[in-house]
Amino acid sequence: MDLPEKFVKKMQGLLGTEFEDYIKCYDEKRFYGLRVNTKKISVEAFQAICPFAIEPIPWIENGFYYDGETVQAAKHPYYYAGLYYLQEPSAMTPANRLPIEPGDKVLDICAAPGGKATELGAKLQGKGVLVANDISNSRAKGLLKNIEVFGIGNVLVLSEEPGKLTEYFPEYFDKILIDAPCSGEGMFRKDKKMVKAWEEHGPEFFAKLQRNIVTQAAAMLKPGGMLLYSTCTFDPEENEGTIAYLLQKFPEFIIKDITPYEGFSSGKPEVTDSKDEAFRRTVRIWPHRMHGEGHYLALLQKGERVGEIPKPSVKGRARKVPEEILAFFQDVDWEMDWSRLELYSEKVYYMPESIPDVKGLRFLRTGLYLGDLKKNRFEPSQSLAMCLKKEEYKNTVNFSADDERVVKYLKGETLDVDGLVPAKAKGWQLVLVDGYPLGWGKLSNGTLKNKYLPGWRWQSS
């Protein structure tokens, strides 16, 4: 590759004797990865049904390599069922190393297209709340789809300036992930267009953005909470320099150890003014040391607060639930807290627990979109289907992955399902592939009218 001279000199300084090994890696193939959605399926169960060859990624317990040159992993029904997400292997590391517990309040502040947010949401296992934000509205639309495919309903999807969020969420979150916009040096091998972008907007440009974002995020983290900062660049100003800036502004933060892997490279105290040895706890991922692209990670914990912070007011009120909704949910094996129900015109949402009043923010989704309240009936949504499990809905139609009707369903076609359902069955059916939801259909006289979301349909290549 024709790399910029300024970049080459910087890398020679950072790598020393390893520089030649780093340059050689540009002649090697890129690596393709997928990450199992552990909210829907265990790693062991996925390995048993995966239709193509996979090999474990050694530092990601639910990550696997696959041959992206020959396998169309995004053209299998299991992908449409949200059983896995396609992601570059090193990019799986930030969400993996942020210690999420079910019930946490979690913020992914630069979340599109959703590679990290979907893993954070899966770790929550339906408890707590995930706030996934991206300033770009167009990118946030892709983020929303990926979150819904993964079956994550305890979510707020926003498209806001991070600074505006601080007004609504002061010291609210237990965990925050910042996968910051950066100069992309770690992706030069994967995407050669990144080199041209680097020449137009280098590290200095991005460092200013990063410093604004980390200080805004710090104000939204609870005392004792954890913040993971990551980039896909090697530059010290964007990496250790940004963390040093955060520590200067918020000295109560401390750098924590990251669960190690033999290929990780320690951060560099010598590139900071303080020369603090704690920077060795941060991590660089080099593509010549590991089978993945370049990344940087720093895990920090916030210390005790000085002074009082106002607590956000929390929504939640008793309400009369329309009979049409109650009738539908008689067939759903969920414990519903109806005080969390919200109706906007005919659309019905189920809000996450204990969220503040967020009126005034730009949303793409508030909570789980359950469906639409029509005249004398309730029509369930695609997102509700993806959140359900086979055993949680009374009426199902289950296809095997190799049944040609699966692809027909994903294309939006009407199906003959004689023999798959009881003779007199009718009404809403949860359509499954090998026991995992794909969407809805409405059954009448052995024919399944297709209710798969048009915008998600299988596109012939």
Donor-acceptor pair, distance only, cut-off 3.5 Å: does the side chain of [X] make one with the backbone of [Y]?
X: S159; Y: I135; answer: yes
X: D331; Y: K394; answer: no
X: D416; Y: D418; answer: yes
X: N146; Y: P113; answer: yes
X: K175; Y: P99; answer: yes
X: K389; Y: P437; answer: no
X: Y349; Y: E342; answer: no
X: N154; Y: K127; answer: yes

Aromatic plane relationship, Y261 with F264 - under 30° parallel, 30 to 60° tilted, over 60° perpendicular: perpendicular
Aromatic ring pairing Y85/F150, orientation class (parallel under 30°, perpendicular over 60°, tilted between): perpendicular
Could [X] and [Y] be counted as a cation-pi pair, given that NZ or CZ must be under 6.0 Å from the ring centre and within 45° of the axis?
X: K105; Y: Y172; answer: yes
X: R30; Y: Y32; answer: yes
X: R405; Y: F399; answer: no

Y84 and Y78: CA distance, side-chain angles, deciding distance, ring pair (Phe, Tyr, Trp, His ring centres under 6.0 Å) verdict: CA-CA 7 Å; Y84 56 88; Y78 293 160; 7.6 Å; no
Between the side chains of [X] and [Y], is a donor N or O closer than 3.5 angstrom to an acceptor N or O?
X: D403; Y: S400; value: no
X: D134; Y: S136; value: no
X: T396; Y: N398; value: no
X: T282; Y: Y296; value: yes
X: Y369; Y: K347; value: yes
X: S183; Y: E238; value: yes

With K164 via salt bridge (charged side-chain N to carboxylate O under 4.0 Å, His left out) - residues at least two apart: E160
Between CG on residue D104 and CG on residue L120, distance to nearest 0.5 Å: 10.0 Å
Check: F378 ring centre within less than 6.0 Å of W428 ring centre: no
Nearest heavy-atom neighbours spanning Y80 and V149: O-CG1, 4.0 Å
Option from E61, E119, R35 for which side-chain hydrogen bond (donor to acceptor under 3.5 Å, both in side chains) with N96 holds: E61
Listed once per pair and sorted, the side-chain hydrogen bond (donor to acceptor under 3.5 Å, both in side chains) pairs that draw on residues 221-232, sequence neighbours left out: D174-K222, D179-S230, Q210-Y229, T231-N239
Side chain to side chain donor-acceptor pair (under 3.5 Å) assessment of W456 paired with Q382: CA-CA 10 Å; W456 289 19; Q382 179 73 34; over 6 Å; no
Audit row: Y350, W334, ring pair (Phe, Tyr, Trp, His ring centres under 6.0 Å) steps and yes/no: CA-CA 12 Å; Y350 192 59; W334 280 3; 7.2 Å; no
Stepwise ring pair (Phe, Tyr, Trp, His ring centres under 6.0 Å) check, W440 with Y409: CA-CA 10 Å; W440 296 106; Y409 172 76; over 10 Å; no
Presence of salt bridge, D108 and K116, under 4.0 angstrom: no
